[in-house]
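First up is the structure itself, then whatever we jot down about it.
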Amino acid sequence: MAMVLLTAGASAQQTSANDVLAAAQLANKYFMTKYADPTVPTNVKRIRPSSLWTRAVYYEGLMALYGIDNNPAYIDYTDRWANFHEWTPRNGVKTTDADDQCCAQTYLERYMMTHDARMITHVRENLDLQMASGKLDYWTWIDAIQMAMPVYSHFYKATGERRYLDHAMKMYTWSRDTCGGGLFNTAEGLWWRDADYVPPYKESDGQNCYWSRGSGWVYAALVRVMSDIGKKDKYYKRLKKDFILMSEALLKCQREDGLWNPSLVSPVTYGGKELTGTALFLYGMSWGISNNILKAKKYQDACDRAWNAMVRDCLHPDGFLGYVQGTGKDPSAGQPVTYTKVPDFEDYGLGCFLLGAAEYYRLLKR
């Protein structure tokens with residue numbers, strides 16, 4: 001399949017849905033070729049099992065890619081990985097860490113395709129134990145909302161058992177309104193990454209510190225949960241309101257080149273091109289337009305420019321993705337972020353890219 005790599009002056013009209021699919025396939029092929037055995041643990045400073053959160057985010061993206069490209073190789077790769085980890089959250093059923101639970105999103109998506117009970121038996125045990133603790137204060141950092149909230153909503157969608165969704169909403173509300181005085185600044189429509197960044201913390205130019213990928217995680221979580229519960233659910237309106245507030249804020253932060261800075265409102269500190277936040281914002285905005293939450297007249301151009309910029313400035317001819325910020329917790333992590341720098345983990349950046357690509361593909365196919 002031919003792929004159009006856009007140059008700086010290219011117009012959005014040159015991009016077809018097939019171009020988007022080809023770019024996603026190229027990036028994914030690079031990864032699956034380089035990491036041919038999905039069971040091999042990662043080794044970044046120390047050995048970690050391949051069920052860690054960075055790889056789990058990749059599988060979110062791979063499942064999204066499978067949704068537009070029914071390649072059985074994707075399912076084989078996924079099931080080899082999940083079978084190896086016995087369809088169990090990282091660190092076992094007793095974990096309460098959202099990062100450990102993230103892999104269960106894919107276990108649940110596979111369950112909804114197959115109805116094979118073994119795929120969710122350990123997920124149920126894990127969620128039941130966490131809920132039985134009676135605590136709500138688990139998601140103390142906003143990344144956790146993406147890692148774990150869709151696990152709960154997927155479980156509700158898969159089983160119809162309402163208590164899982166109810167509990168997820170209570171934990172989300174605690175993070176939103178109580179943790180650190182509330183991590184969502186509704187006045188500005190953006191999220192502080194955790195309690196270390198709420199006021200009086202400021203960037204060097206006096207602005208608030210809003211990390212691009214951090215807000216991107218929440219934005220993606222809202223999409224995934226709203227997709228699970230549907231428009232008639234009593235929680236949908238609440239989540240939709242937060243989604244719109246975020247969309248309006250993020251639109252104002254987009255760079256002229258179509259990407260977003262690691263530091264959303266304070267480029268003086270950490271400006272520059274960055275893929276992961278951009279891909280997650282593309283994912284959300286494309287979904288929002290397709291679901292008649294966001295007006296195409298206002299947001300389509302932002303989506304077009306984001307996609308064109310990622311393909312033009314980040315995607316290498318061999319499928320490697322540049323400008324992926326390394327793991328961390330704020331705009332300073334993994335700096336400098338460049339076209340050729342290999343991030344500490346390559347998997348989650350691709351996961352974000354595939355999520356954005358798949359939803360943008362659907363938007364173009366409308």
Side-chain angles (χ1 to χ4, degrees), residues 38-39 48-67 70 72 74-136 138-139 143-172 217 220-230 233 235 239 347-348 351 354-355 358:
T39 71
R48 297 175 177 87
S50 64
S51 54
L52 81 167
W53 74 265
T54 65
R55 191 61 55 89
V57 170
Y58 163 68
Y59 284 102
E60 291 179 52
L62 185 61
M63 289 294 96
L65 177 58
Y66 182 73
N70 301 137
Y74 305 157
I75 295 299
D76 176 67
Y77 192 75
T78 299
D79 286 355
R80 285 165 59 201
W81 166 77
N83 280 317
F84 179 79
H85 295 293
E86 299 181 337
W87 305 89
T88 302
R90 182 193 174 197
N91 292 318
V93 297
K94 293 183 179 180
T95 185
T96 58
D97 190 322
D99 288 349
D100 291 345
Q101 295 169 321
C102 187
C103 54
Q105 292 191 47
T106 299
Y107 302 164
L108 283 155
E109 290 191 41
R110 288 294 293 128
Y111 169 77
M112 285 185 270
M113 296 176 194
T114 66
H115 301 289
D116 184 342
R118 70 192 174 93
M119 296 177 175
I120 64 165
T121 298
H122 297 310
V123 180
R124 180 188 289 277
E125 292 176 36
N126 174 246
L127 298 186
D128 285 352
L129 284 169
Q130 185 169 33
M131 291 166 62
S133 74
K135 295 174 57 179
L136 300 176
Y138 287 110
W139 300 341
D143 315 34
I145 296 172
Q146 194 287 141
M147 303 299 156
M149 191 175 180
V151 176
Y152 278 87
S153 66
H154 279 14
F155 204 92
Y156 162 66
K157 181 180 180 181
T159 66
E161 296 181 50
R162 187 78 188 177
R163 63 194 182 98
Y164 294 97
L165 179 61
D166 289 340
H167 196 76
M169 285 300 298
K170 290 176 183 176
M171 290 196 286
Y172 172 77
W217 290 137
L222 294 175
V223 167
R224 295 173 77 74
V225 175
M226 285 191 290
S227 296
D228 283 341
I229 66 178
D233 193 280
Y235 295 131
L239 298 175
D347 40 16
Y348 65 89
L354 295 177
L355 286 171

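Counting from 1, the numbers follow the sequence of the chain as shown.
D97 pairs by the side chain to side chain donor-acceptor pair (under 3.5 Å) definition with nothing, not counting sequence neighbours. With sequence neighbours excluded, no residue forms a side chain to side chain donor-acceptor pair (under 3.5 Å) with E86. Evaluation of the side chain to side chain donor-acceptor pair (under 3.5 Å) rule for Y348 yields no partner, not counting sequence neighbours.
If you check the side chains of S133 and Y138, you find a donor sitting under 3.5 Å from an acceptor. Side-chain atoms of Y235 and D166 form a donor-acceptor pair, as typed in the model, at a separation below 3.5 Å.
N70 contributes atom CG, which lies 9.5 Å from atom CG of L65 (distance to the nearest 0.5 angstrom). Distance CG/L108 to SG/C103: 10.0 Å, rounded to 0.5 Å. Atoms OG1 and CE, on T159 and M112 in that order, are 9.5 Å from each other to the nearest 0.5 Å. To the nearest 0.5 angstrom, F155 atom CZ is 4.5 Å from Y164 atom OH. Taking CE of M119 as the start and CH2 of W87 as the end, the distance is 3.5 Å to the nearest 0.5 Å. A distance of 3.5 Å separates OG1 in T78 from CE in M63, rounded to the nearest 0.5 Å.
A side-chain hydrogen bond (donor to acceptor under 3.5 Å, both in side chains) with R118 holds for exactly one of T121, D116, T114; it is D116. Under the side-chain hydrogen bond (donor to acceptor under 3.5 Å, both in side chains) test applied with Y152, the options K157, Q130, Q101, Q105 reduce to a single match, Q130.
Using a 4.5 Å heavy-atom cutoff, the side chains of I75 and M113 are in contact. In this structure, the side chains of D233 and R162 come closer than 4.5 Å at one or more pairs of heavy atoms. You'll find the side chain of M226 stays beyond 4.5 Å of the side chain of S153, heavy atoms only. Under the 4.5 Å side-chain criterion, counting only non-hydrogen atoms from C-beta, E125 is not in contact with K94. Annotation: side chain of M169 is not in contact with side chain of I229 (no heavy-atom distance under 4.5 Å). Under the 4.5 Å side-chain criterion, counting only non-hydrogen atoms from C-beta, V57 is not in contact with D347. Within the 4.5 Å cutoff, the side chain of Y172 has heavy atoms near those of the I145 side chain. Using a 4.5 Å cut-off on side-chain heavy atoms (C-beta onward), T106 and H154 make no contact.
In this structure, T95 contributes its side chain and G92 its backbone to no donor-acceptor pair below 3.5 Å. The closest donor-acceptor contact from the side chain of D76 to the backbone of P72 lies at 3.5 Å or more, if one exists at all. Remark: side-chain polar atoms of S50 are paired, donor with acceptor, to backbone N or O of P38 under 3.5 angstrom. Formation of a donor-acceptor pair under 3.5 Å by the D100 side chain with backbone atoms of P89 is not found in this model.
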*side-chain contact (heavy atoms from CB on, under 4.5 Å) between R90 and C102: does it pass, once the steps are laid out?*
CA-CA 9 Å; R90 182 193 174 197; C102 187; over 6 Å; no
*Test log, rule side-chain contact (heavy atoms from CB on, under 4.5 Å), inputs R163 and D128*: CA-CA 10 Å; R163 63 194 182 98; D128 285 352; 3.2 Å; yes
_For M149 and R224: C-alpha separation, side-chain torsions, deciding distance, then whether side-chain contact (heavy atoms from CB on, under 4.5 Å) applies._
CA-CA 9 Å; M149 191 175 180; R224 295 173 77 74; over 6 Å; no
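When every heavy atom of V123 is checked against every heavy atom of Y107, the shortest pair comes out as CG2-CD1, 3.9 Å. The minimum heavy-atom distance between R48 and L52, with the atom names listed, is CD-CD1, 3.5 Å. Across all their heavy atoms, L129 and V93 have their closest contact at CD1-O, 3.6 Å.
Residues D79 and R110 are paired through a salt bridge, judged by an N-O separation under 4.0 Å between the basic side chain and the carboxylate.
Taking the six-membered ring where the residue is Trp, Y59 and W81 present parallel rings, their angle staying beneath 30° rather than reaching 60°.
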